[in-house]
Amino acid sequence: MPTRRRFFTQAFISSLVIGGGLSGCSTDPGSVGNKGRKKADPADLPAVIATWKTEAAVTKAAETLQQTGSALDAVEAGARVEEADPKNMTVGYGGLPDRDGFVTLDACIMDHQGRAGSVTFLQDIKHPVSVARKVMETTPHVILSGDGALQFALENGFERINLLTPEAEAAWKKWLETEQYKPVVNIERHDTIGLLAIDKNGNISGACTTSGMAYKMHGRVGDSPIIGAGLFVDNEVGGAVGTGLGELVLKTLGSFLIVEFMRQGKSPQEACEAAIQRIIDKYPEVRKEEIQVGFVAIDKTGATGAAAILPGFQYTLHQRGKLTTADNLPGVMK
Ligand code: SD4
């Protein structure tokens, strides 16, 4: 039960968001905030786009969007599909552990009202995205971390489970033989999932969930749960999500940057490419090492874009009633 004090704080913050005349609350798909952009074609809405070949998740999100009309419900439902799938070794249950053998999860969620919630370094909970949503909806905070996030999850009825599957444990033990830390590019083409959904009225939500880089240092937190880095939504403009080496996304605030590029008039495609180019320009070492970062974005009209440093990035899109996966994108780095 929320304490009285907690309730007041939450109510105060909610009133700031809802009553504060946030221009991002527009529900008219024609009222696009970005300069000179096309008017929305109603047929492009609703839509769901996600990183990688994540058809089951995107299908679930699209179905949820159809059933509930809520982009927020849609991105949460889609993220939960990957979190529950032990075959996806970069997300949730079955995720590869850190170097000490602990599966630690990062996730966040953001909605069309500009609300955001996040959990970092969370252990033993299968659906961090749902805990992040609870943080967003029931606390005055944005991020809960580690033991505090776990305590909050348990208090809110989330079940404690062992996330380390025999397959992930075996892979970790094999890694221990050499202990070489090298982020893998385009890992199995089925990786951290970031989803963006836009409802039929043009309201956008996003979610991102991951177990982070395999064999990371214990306590490491990546970009995925950080609002502005792994995910950003501004309902006036659009949304973006990232995947890949989180340190580079954190240092360039990639998702925020993409949304700001779209606000300045770039298309989602141009904005994603510009954010990738920013990484390449600022961190030229990516030219020598096989480091991957990818982004997908959607704008207020339902137009989408995607770009990555290296070839091989993929995204999955549900739009106009059709599910498509864009395979083997070319990569921005020449
Ligand atoms: C991280 N960005 O923790 C995540 C990992 C990832 O595809 O996206 N892998 O750095």
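Note: hydrogens, waters and symmetry copies are ignored here, and every other heavy atom, side chains too, is used. We're numbering straight along the sequence, starting at 1.
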Next on the checklist: The test is side-chain contact (heavy atoms from CB on, under 4.5 Å); show your working for V332 and I280 and say whether it passes.
Outcome noted: CA-CA 9 Å; V332 168; I280 297 168; 4.0 Å; yes
Checklist entry - How close do R80 and V129 get, heavy atom to heavy atom, and via which atoms? => result CG-CG1, 3.8 Å
Checklist entry - Going by an N to O cut-off under 4.0 Å, is there a salt bridge joining R320 and D41? => result yes
Next on the checklist: For a quick check under 3.5 Å, do Q151 and E155 share a side-chain donor-acceptor pair by atom type?
Outcome noted: yes
Checklist entry - Are any non-hydrogen side-chain atoms of L72 and D199 less than 4.5 angstrom apart? => result no
Next on the checklist: I'd like to check L65 versus H318 (side-chain heavy atoms, cut-off strictly below 4.5 Å). Are they in contact?
Outcome noted: no
Next on the checklist: Test side-chain contact (heavy atoms from CB on, under 4.5 Å) on V48 and L317; report intermediate values, then the result.
Outcome noted: CA-CA 6 Å; V48 178; L317 173 68; over 6 Å; no
Next on the checklist: Do F158 and V103 land in one hydrophobic cluster if side-chain heavy atoms of ILVMFWY residues count as linked below 4.5 Å?
Outcome noted: no
Checklist entry - How many angstroms lie between CD in E83 and CD in E76, if you round to the nearest 0.5 Å? => result 8.5 Å
Checklist outcome for this item: Hits for side-chain hydrogen bond (donor to acceptor under 3.5 Å, both in side chains) against Q66, two or more places apart or cross-chain, chain-then-number order -> none
Checklist entry - Salt-bridged, R263 to E260, with N to O below 4.0 Å? => result yes
Checklist entry - Does the W172 side chain pair with the main chain of R99, one donor and one acceptor, at a distance under 3.5 Å? => result yes
Next on the checklist: Side-chain heavy atoms under 4.5 Å apart, restricted to Ile/Leu/Val/Met/Phe/Trp/Tyr: what other residues fall into the cluster of F261, or is it alone?
Outcome noted: L257
Checklist entry - Is the backbone N or O of H141 less than 3.5 Å from a side-chain atom of T139, with the two atoms forming a donor-acceptor pair by type? => result yes
Item to check | Backbone of C208 reached by a side-chain donor or acceptor of S224 within 3.5 Å | outcome: no
Checklist outcome for this item: Checking T209, V81, V296, V75 against L195 for side chain to side chain contact (heavy atoms under 4.5 Å, CB included), the one that qualifies is V75
Checklist entry - Can K251 be said to sit on top of Y283's aromatic six-ring, NZ or CZ under 6.0 Å from centre and within 45° of the ring axis? => result yes
Checklist entry - Are D299 and T301 linked by a side-chain donor-acceptor pair shorter than 3.5 Å? => result yes
Item to check | Main-chain N/O of I309 paired to Q292 side chain as donor or acceptor, under 3.5 Å | outcome: yes
Checklist entry - Does CG in D100 sit with more than 12 non-hydrogen atoms of other residues, nucleotides or ligands closer than 6.0 Å? => result yes
Checklist entry - Do L154 and I161 sit in the same hydrophobic cluster, where Ile, Leu, Val, Met, Phe, Trp and Tyr count as joined when their side-chain heavy atoms come under 4.5 Å apart? => result no
Next on the checklist: Closer than 3.5 angstrom, by distance alone: can the side chain of T316 be matched with the main-chain N or O of A50 as a donor-acceptor pair?
Outcome noted: no
Checklist outcome for this item: For G254 and A275 the tightest heavy-atom approach is O-CB, 4.3 Å
Checklist entry - Can you name the closest pair of heavy atoms from K87 and D85 and give their distance? => result N-OD1, 2.8 Å
Checklist entry - Ignoring hydrogens and geometry, is there a side-chain-to-backbone donor-acceptor pair from K300 to N235 under 3.5 Å? => result yes
Checklist entry - Say you draw a straight line from CG of N156 to OG of S130; how long is it, rounded to the nearest 0.5 Å? => result 11.0 Å
Next on the checklist: Is there a side-chain contact between L105 and L163 in this structure, where contact means two heavy atoms from C-beta onward sitting under 4.5 Å apart?
Outcome noted: yes
Next on the checklist: Are the side chains of E270 and S267 in contact, using a 4.5 Å heavy-atom criterion?
Outcome noted: yes
Next on the checklist: If we count only N and O atoms by modelled type, under 3.5 Å, do the side chains of S145 and T120 hold a donor and an acceptor together?
Outcome noted: yes
Checklist entry - Looking at CG of L45 and CD1 of I198, how far apart are the two atoms once the value is rounded to the nearest 0.5 Å? => result 4.5 Å
Next on the checklist: Using only atom types and a distance under 3.5 Å, with no angle test, would you say the side chain of K282 pairs donor to acceptor with the backbone of T252?
Outcome noted: no
Checklist entry - Residues two or more places apart in sequence or in another chain: which of them pass salt bridge (charged side-chain N to carboxylate O under 4.0 Å, His left out) with R220? => result E247
Next on the checklist: If hydrophobic clusters are built by linking Ile, Leu, Val, Met, Phe, Trp and Tyr wherever their side-chain heavy atoms come under 4.5 Å apart, do F121 and Y93 end up in the same one?
Outcome noted: no
Item to check | salt_bridge(R115, E137) N-O dist < 4.0 Å | outcome: yes
Checklist entry - What closest approach, in Å, do G95 and S211 show between heavy atoms, and which atom pair accounts for it? => result CA-OG, 3.6 Å
Checklist entry - Can you tell me how far the CE atom of M110 sits from the CZ atom of F232, to the nearest 0.5 Å? => result 4.5 Å
Checklist entry - Do the non-hydrogen side-chain atoms of V131 and I125 ever get within less than 4.5 Å of each other? => result yes
Next on the checklist: Quiz question: by atom type and distance under 3.5 Å, do the side chains of T325 and E55 form a donor-acceptor pair?
Outcome noted: yes
Checklist entry - Are L231 and L196 close enough that some pair of their side-chain heavy atoms sits under 4.5 Å apart? => result yes
Checklist entry - Is there a path of hydrophobic side-chain contacts, each under 4.5 Å between heavy atoms of I, L, V, M, F, W or Y residues, that connects V293 with I227? => result yes
Item to check | Closest contact, heavy atoms only, A168 versus G94 | outcome: CB-O, 3.8 Å
Item to check | Check: G238 main-chain N/O paired with D234 side-chain donor or acceptor under 3.5 Å | outcome: no
Checklist outcome for this item: Separation between CG (D106) and OG1 (T210), nearest 0.5 Å, reads 6.5 Å
Checklist entry - Would you call D191 and T51 a side-chain contact if the rule is heavy atoms closer than 4.5 Å? => result no
Item to check | Same apolar cluster: I276 and L245, side chain cutoff 4.5 Å | outcome: yes
Item to check | Check: I291 and L248 side chains under 4.5 Å, non-hydrogen atoms | outcome: yes
Next on the checklist: Quick check on side chain to side chain contact (heavy atoms under 4.5 Å, CB included): which of T243, N88, V91 does W52 satisfy it with?
Outcome noted: T243
Checklist entry - Checking side-chain contact (heavy atoms from CB on, under 4.5 Å) for the pair F295/V241: CA distance, chi angles, key distance, verdict? => result CA-CA 6 Å; F295 292 111; V241 283; over 6 Å; no
Next on the checklist: Testing the basics here: between C272 and A297, what is the closest heavy-atom pair and its distance to 0.1 Å?
Outcome noted: SG-CB, 3.6 Å
Checklist entry - Counting N and O atoms only, with roles assigned by atom type, does the side chain of N162 sit under 3.5 Å from a partner on the main chain of L164, one being a donor and the other an acceptor? => result yes
Checklist entry - Could you state the interatomic distance from CE (M262) to CD1 (I298), rounded to the nearest 0.5 Å? => result 9.0 Å
Checklist entry - Is there a donor-acceptor contact under 3.5 Å from the side chain of Q319 to the main chain of D44? => result yes
Checklist entry - Thinking salt bridges, do K216 and D98 make one under a 4.0 Å N-O criterion? => result no
Item to check | Salt bridge R287-E285, side-chain N to carboxylate O under 4.0 Å | outcome: no
Item to check | ring-ring contact (aromatic ring centres under 6.0 Å, His included) evaluation trace for H218 with F102 | outcome: CA-CA 8 Å; H218 189 59; F102 299 99; 4.9 Å; yes
